[in-house]
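To start, the structure itself, in structure tokens.
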Amino acid sequence: MAGRRAVVTGGTRGIGAAIVARLVAEGASVLTTARAPGGRLPEGVRFVTADAAVADDAARVARAAETELGGVDILINNAGGTVTRPDSVLDTDDEEWRHNLETNLMGAVRLDRAVLPGMIARGAGVIVHVSSTAAHEPMEEAAAYSAAKAALSAYSKNLADRLGPRGVRVNRISPGLTITSAAEELLERTAARDGSDRETALETWVAGLGGIPLQRPGTPEDIAALVAFLVSDEAAWITGADHVIDGGMLRAP
Ligand SMILES: NC(=O)c1ccc[n+]([C@@H]2O[C@H](COP(=O)([O-])OP(=O)(O)OC[C@H]3O[C@@H](n4cnc5c(N)ncnc54)[C@H](OP(=O)(O)O)[C@@H]3O)[C@@H](O)[C@H]2O)c1
């Protein structure tokens, strides 16, 4: 991956931070984003403050990548997330629906649009969309998030079909429960709601998911390893695919 130029959104924590670390370790030049600076980025990683939910920020990130890296060969649309609530199908108002769609779908759509002309001109590029198993099996506590991730997956497939002939590969990944700060917050809220503790909340979540055959939640590094493979030349004949990475949780992905 030496000499490749990569943009990873949401790279200060969790899955994004692990992807940044992995791409740097493999020799890529990396620019990452988040709504605020945070964490300790690996040496040499550029940072731009940007919110996936803010329309103008995508063009700003693409311009920064052009200036700082000289272009983009690899784009990982990882920024995303949600708040959960017990009866989300009934209790999510319009504003929260819009925010989920902006954060989990439109942020990626806009950044792809800003970066793609360069990839198409070079006849090469790789994009990964970080979706979720929630796109396959909606989370009761996150209706808008699940729908936004399903939309992201459908859009990702469409993009792959259109861009394959122009030399750009597009894949999506669907992680299951992965232990990051977002997952820890979810466990804390569940524990507080049930008057239990983190471990019991984790057991409740895993049981609610129908169990994880590999007997553990994922780590950010598990996810980063898949992303590193998908953006490498080893995956040269893989595009338009959904890569579920969930310890075997989904029964019918
Ligand atoms: N953890 C899981 O179990 C799991 C499972 C399936 C899918 N995913 C997906 O994986 C991705 C990463 O999740 P994670 O668990 O690693 O989350 P995380 O630990 O909360 O980290 C999220 C990262 O993205 C940034 N971010 C959040 N919202 C953003 C926004 N609107 N614009 C720009 N940056 C933003 C955060 O920094 P700031 O807060 O400073 O912006 C942080 O760097 C998300 O798309 C999530 O939906 C996670």
Side-chain angles (χ1 to χ4, degrees), residues 7-22 30-41 45 47-58 60-61 64 75-84 96 98-111 128-139 141-142 144-153 156 172-190 201-202 205-206 208-209 212 216-224 226-227 242-247 249-250 253:
V7 170
V8 180
T9 63
T12 56
R13 292 194 305 275
I15 291 171
I19 295 170
V20 168
R22 180 72 191 244
V30 179
L31 179 145
T32 193
T33 70
R35 288 167 298 180
R40 265 196 37 217
L41 295 174
V45 171
F47 176 80
V48 177
T49 304
D51 187 338
V54 172
D56 292 345
D57 283 7
R60 209 159 45 72
V61 172
L75 172 58
I76 315 296
N77 284 294
N78 164 73
T82 193
V83 289
T84 53
E96 202 175 321
R98 265 193 294 273
H99 189 256
N100 271 281
L101 288 163
E102 286 291 330
T103 305
N104 294 291
L105 172 66
M106 291 311 299
V109 170
R110 285 188 288 255
L111 190 53
V128 174
H129 296 113
V130 179
S131 185
S132 169
T133 49
H136 300 260
E137 204 163 292
M139 289 167 71
E141 307 79 2
Y145 170 79
S146 303
K149 289 295 195 187
L152 177 68
S153 292
S156 181
R172 55 204 185 277
I173 64 166
S174 292
L177 180 63
T178 305
I179 296 303
T180 64
S181 58
E184 289 293 355
E185 275 169 33
L186 187 70
L187 293 175
E188 258 173 48
R189 278 199 300 274
T190 306
L202 179 58
W205 265 99
V206 170
L209 296 169
I212 300 176
R216 66 168 176 88
T219 65
E221 291 71 26
D222 290 327
I223 313 300
L226 173 61
V227 171
D242 184 1
H243 307 269
V244 173
I245 172 164
D246 67 348
M249 181 204 84
L250 278 187

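Computed from a prediction, not measured in an experiment: that's the story for all the values here. Both ligands and their constituent atoms are indexed starting at 1 by order of listing. Heavy-atom basis, side chains included; hydrogens, waters and symmetry copies ignored.
- In this structure, a donor-acceptor pair under 3.5 Å is absent between the side chains of Ser131 and Arg172.
- Close approach of ligand 1 to Ala50 (heavy-atom distance below 4.0 Å) involves ligand atoms 32 (N), 33 (C).
- Between the choices Thr180, Ile19, Leu177, the shortest heavy-atom distance to atom 15 (O) of ligand 1 belongs to Thr180.
- Considering only non-hydrogen atoms, atom 31 (N) of ligand 1 lies nearest to Asp51 out of Thr49, Ile76, Thr219, Asp51.
- Considering Leu226, Val128, Val227, Ile223 in turn, Leu226 is the only one that fulfils the side chain to side chain contact (heavy atoms under 4.5 Å, CB included) rule with His243.
- The ligand atoms of ligand 1 that sit less than 4.0 angstrom from a heavy atom of Ala79 are 33 (C), 34 (N), 35 (C), 45 (O).
- Heavy-atom proximity to atom 20 (O) of ligand 1, evaluated over Arg35, Arg13, His99, is greatest for Arg13.
- Nearest protein heavy-atom contact of atom 32 (N) of ligand 1 is Ala52 N, 2.8 Å.
- Inter-residue side-chain proximity for His136 and Asp242 is flagged as met; some heavy-atom pair is nearer than 4.5 Å.
- Ala135 and Ser153 get closest at one heavy-atom pair: CB-OG, 4.0 Å.
- For atom 18 (P) of ligand 1, the closest non-hydrogen atom of the protein is Ser181 OG, 3.7 Å.
- Using a 4.0 Å cut-off to heavy atoms of Thr12, the atoms of ligand 1 that qualify are 37 (O), 42 (C), 43 (O).
- Summary of contacts: the protein heavy atom closest to atom 17 (O) of ligand 1 is Ala182 CB, 3.6 Å.
- With ligand atoms numbered from 1 in the order given, ligand 1 contributes 3 (O), 5 (C) to contacts under 4.0 Å with heavy atoms of Gly176.
- Residue, atom and distance of the protein heavy atom nearest to atom 46 (C) of ligand 1 are Tyr145 OH, 3.6 Å.
- Nearest to atom 24 (O) of ligand 1 among the protein's heavy atoms is Gly10 CA, 3.2 Å.
- Nearest to atom 6 (C) of ligand 1 among the protein's heavy atoms is Pro175 O, 3.1 Å.
- Panel note: side chain Thr33, backbone Gly10; a donor-acceptor pair is recorded below 3.5 Å.
- The two residues Val130 and Lys149 have their closest heavy-atom pair at O-NZ, 2.8 Å.
- Residue nearest to atom 44 (C) of ligand 1, selected from Asn78, Leu186, Asp246: Asn78 (by heavy-atom distance).
- Ligand 1 has Val130 within reach: a non-hydrogen atom of the residue lies less than 4.0 Å from it.
- Within the 3.5 Å criterion, the main-chain N or O of Pro175 finds no donor-acceptor partner in the side chain of Asp246.
- Counting heavy atoms from C-beta outward, Thr12 and Phe47 have side chains that approach closer than 4.5 Å.
- Residue Ser131 holds the heavy atom nearest to atom 7 (C) of ligand 1 of all those in Gly14, Ala183, Ser131, Ala17.
- Annotation for ligand 1: atoms under 4.0 Å from non-hydrogen atoms of Ile15 are 10 (O), 16 (O), 48 (C).
- Atoms of ligand 1 found under 4.0 Å from any heavy atom of Thr103, numbered from 1 in the order shown, are 31 (N).
- Counting only distance, with no hydrogens or angles, the side chain of Thr190 and the backbone of Leu186 share a donor-acceptor pair below 3.5 Å.
- Minimum heavy-atom separation, Thr178 to Pro220: CG2-N, 3.7 Å.
- Every atom of ligand 1 is numbered from 1 in the order shown, and the set under 4.0 Å from a heavy atom of Gly81 is 47 (O).
- Using a 4.0 Å cutoff on heavy atoms, Lys149 counts as a contact of ligand 1.
- The side-chain heavy atoms of Leu31 and Val61, taken from C-beta on, include a pair separated by under 4.5 Å.
- Closest to atom 3 (O) of ligand 1 among all protein heavy atoms lies Thr178 N, 2.8 Å.
- Between Arg216 and the choices Asp222, Val206, Leu202, the side chain to side chain contact (heavy atoms under 4.5 Å, CB included) rule is met once, by Asp222.
- Not one N or O on the side chain of Asn78 forms a donor-acceptor pair closer than 3.5 Å with the backbone of His129.
- Residue contact check: Ala36 has heavy atoms under 4.0 Å from atoms 40 (O) of ligand 1.
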